[in-house]
There are 2 protein chains.
Amino acid sequence: MKEATSVVEIEGPGRQKRARQAPTIYDIARLAGVNASTVSRALNNPDRVTAKTRKLVEVAAAELNYKANHFARALPTGKTQTLGLIVADITNPTFFDIIRGAGTTAAARGYTLVLAESTESPAMEMTVARRMLGSVDGVILASPRMGDDQILDLAGEKPVVVINRDVKGVNCVVPDVDRGISQAVRSLAGQGHRSVLYIAGPEESWMSGRRWEGIQAACDWSRLVASRLESATPTVEGGRRLARDVLVAGVTAVITYNDLLAIGLMQELQAAGVRVPETISIVGFDDIFGADFTSPPLTTVRSPVHECGVRATGRLLEELAGAYKVATAALPVETELILRGSSAPPN
Amino acid sequence: MKEATSVVEIEGPGRQKRARQAPTIYDIARLAGVNASTVSRALNNPDRVTAKTRKLVEVAAAELNYKANHFARALPTGKTQTLGLIVADITNPTFFDIIRGAGTTAAARGYTLVLAESTESPAMEMTVARRMLGSVDGVILASPRMGDDQILDLAGEKPVVVINRDVKGVNCVVPDVDRGISQAVRSLAGQGHRSVLYIAGPEESWMSGRRWEGIQAACDWSRLVASRLESATPTVEGGRRLARDVLVAGVTAVITYNDLLAIGLMQELQAAGVRVPETISIVGFDDIFGADFTSPPLTTVRSPVHECGVRATGRLLEELAGAYKVATAALPVETELILRGSSAPPN
DNA sequence: CTGAAAGCGCTTACAG
DNA sequence: CTGAAAGCGCTTACAG
């Protein structure tokens, strides 16, 4: 146990000499008795060097506790070994597992992940994307709110992978919502509901539109009437504010753009004395953390968000490795209905 | 609307010439008719240059849509304009607001935030911290699991700010739990409870110990009996697994290390037919997202996690600016009891 | 105030 | 296989 006081060196600004000079390849070169360029090769392309020199270099590097300077390497190569991930809202639980999936995948391949959020604003999204572009090798756009052409623009500068949206000419990972939706609508139809109200998400959300299409198709098939209501913000609070309109609509079943809306709606309806699911059934999307905390627990169409993060990152890494540019079709991942207590026969 | 096909150029690896050469200060210099070093000064220290040349340079830079190369700048200066944030578990909602607070604060000051998680492992924590060290200007350790001396080691190399732990010689931001705890315990005592069971968090969690101390002190004051139970993992699942032990303990009031444990415990107790709060009151810590989704909604001691993120980042930035090294005391932030339905008089 | 030069730590043709 | 050299894009003493 050594004295723990050495750090406290209160001095004027600019005196921070803490980091003793980190060892460079020149230090290794000197110690190993070879040229710096040989050190570089031994460390990065071990097969372009004698087994003997490699050993020499490795020993010297270990002895000096050498760590490559990230920036010095990025300068001549242009490669940064970091990936950017942009999400609409860091506090939206939907993105947590995307973040984690992307983070672990990136880390496993030696990449660093840099996170940014657009706070649901298309303009902000473009700004942070552009800012990122200079310091990453590629970027993942999760549920982008900007336009297709802007995405294409970005993709023209650095490799881009999009999650939760299908844009032609760019690699995409998009859950196939039809399966989950069809399960949900059939379940409602089977329970005796005659109509379904869809509460839409942000206009800019491609996925919100996609879900609406799926719901219409499934309702047609099951001979249910589908109607639609807009929401301002896809949050719990946003859901609460919709309770009155939902009541006015007089439906027995609601499907919301996401779980946040569903939870807020349910809370507010219950606070107003409306019984869920007896009077109104509620189905969400995503199966976020907390969706099963509610009472009744939320029925929802689960998206494999973690897998989306993993696959998007994997694809981006492949693209960086030069495997290919753009796949012809979006990488599909499945969705499924998680039947819980918030949906049931009406009355 | 231009053709959206140009991106699709399927070729062999290594042919990726997408990024047309970005403009450099030399391009600006040529365009503005000055030396590159003057460009550098005009852009970074505008006051060390004539108003006229500054204008010249700015115009040229704007025309070329110049963006400084992050890496080229970091090389000679050693400054990266990025901050590291290490959390124990990315999927633990407790950290969400820390992340957001840190993220927005960093962004507002022109810094990039890089996120890493230790998955609750002290060794992993040290590994990711060391890996980060080379490419950030400073790091924020949220609820670190490593030892004090290791933290001091890190702080010896780069500025470090710790959240949720008080370690001497390092800048810390730690919520003052006593206020919230005392409110919670008094509330329980006032309701007629005679004893409180504390469900502890990970051994490595400084904050878990701190909360236990606070609970003991508050119980002494209110003449309640305090007892303690260990938990394996501070998650919902971990909370579920503790239900049996809690029942065996035969207490009427439980305070858990965090909300996750509280929620899991409540779910499992209820599943076993135990009534909350009638038979057992449950109080959590943190007031995470979803804490009010449960039924009954969770009573909890709220920590201002968002503010912790903001202040830790602010302090780190100050330290980087050379304002000072280490404050004598931890930056305090307050806690408070959020009284909801999961706690009430017994029986 | 401004220019010319050196250097940050690495990579990578180019010779040998 | 290995060395010597040039260059990545910036910053910063050093002169003038």
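Order of the sequence lines fixes the chain letters, A, B, ..., with proteins taken first and strands second; residue numbering starts at 1 for each chain. No hydrogens, no waters, no symmetry mates; every other heavy atom, side chains included, goes into these values.
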Under the salt bridge (charged side-chain N to carboxylate O under 4.0 Å, His left out) criterion, do A:D148 and A:R165 qualify, and how do the steps go? CA-CA 10 Å; A:D148 274 19; A:R165 175 151 154 187; 2.7 Å; yes
With a 4.5 Å cut-off on side-chain heavy atoms, are B:V139 and B:L85 touching? no
Do A:Y26 and C:dC10 share a donor-acceptor pair, side chain to base, under 3.5 Å? yes
State which of D:dG9, D:dT11, C:dC10 makes the closest approach to the side chain of B:N44. D:dT11
Side-chain N or O of B:T24 less than 4.0 angstrom from OP1 or OP2 on D:dC8? no
From CZ (B:F96) to CD1 (A:I90), nearest 0.5 Å: 10.5 Å
Applying the side-chain contact (heavy atoms from CB on, under 4.5 Å) test to A:I86, which of A:M126, A:E117, A:M132 qualifies? A:M132
Using a strict 4.0 Å threshold on nitrogen-to-oxygen distance, state whether A:R130 and A:E157 make a salt bridge. yes
Does a side-chain N-to-carboxylate-O contact under 4.0 Å join A:K158 and A:E319? no
Tabulated below should be each protein N or O lying under 3.5 Å from an N or O of nucleotides 12-16 of chain C; please produce it.
| residue | atom | partner | partner atom | Å |
| --- | --- | --- | --- | --- |
| C:dA13 | N6 | A:R41 | NH2 | 3.0 |

Atom CD of B:Q81 to atom P of D:dC10: distance rounded to whole Å? 15 Å
Mind calculating the distance between CD1 (B:I28) and P (D:dT11) to the nearest angstrom? 10 Å
Show the nearest heavy-atom pair for residues A:Y111 and A:T82, with the distance to one decimal. CD2-N, 3.8 Å
So which nucleotide does C:dG16 pair with, by the Watson-Crick or G-U wobble rule with both distances under 3.5 Å? D:dC1
Those residues of residues 51-74 of chain B lying under 4.0 Å from DNA chain C by at least one heavy atom: B:T53
Taking the minimum atom-to-atom distance to the side chain of B:T50, which one of C:dT11, D:dG3, C:dC1 wins? C:dC1
Which distance, rounded to the nearest 0.5 Å, do you find between the CD of A:E125 and the CZ of A:R145? 7.5 Å
Rounding to a whole Å, what distance do you find between A:K79:NZ and C:dG9:P? 24 Å
Measure from CD1 on A:I25 to C1' on C:dT11 and round the result to the nearest Å. 8 Å
Roughly how many Å is it from CG in B:L43 to P in C:dC1, rounded to a whole number? 17 Å
What I want to find out is whether A:R100 reaches B:D89 closely enough, with some N-O distance under 4.0 Å, to be called a salt bridge. yes
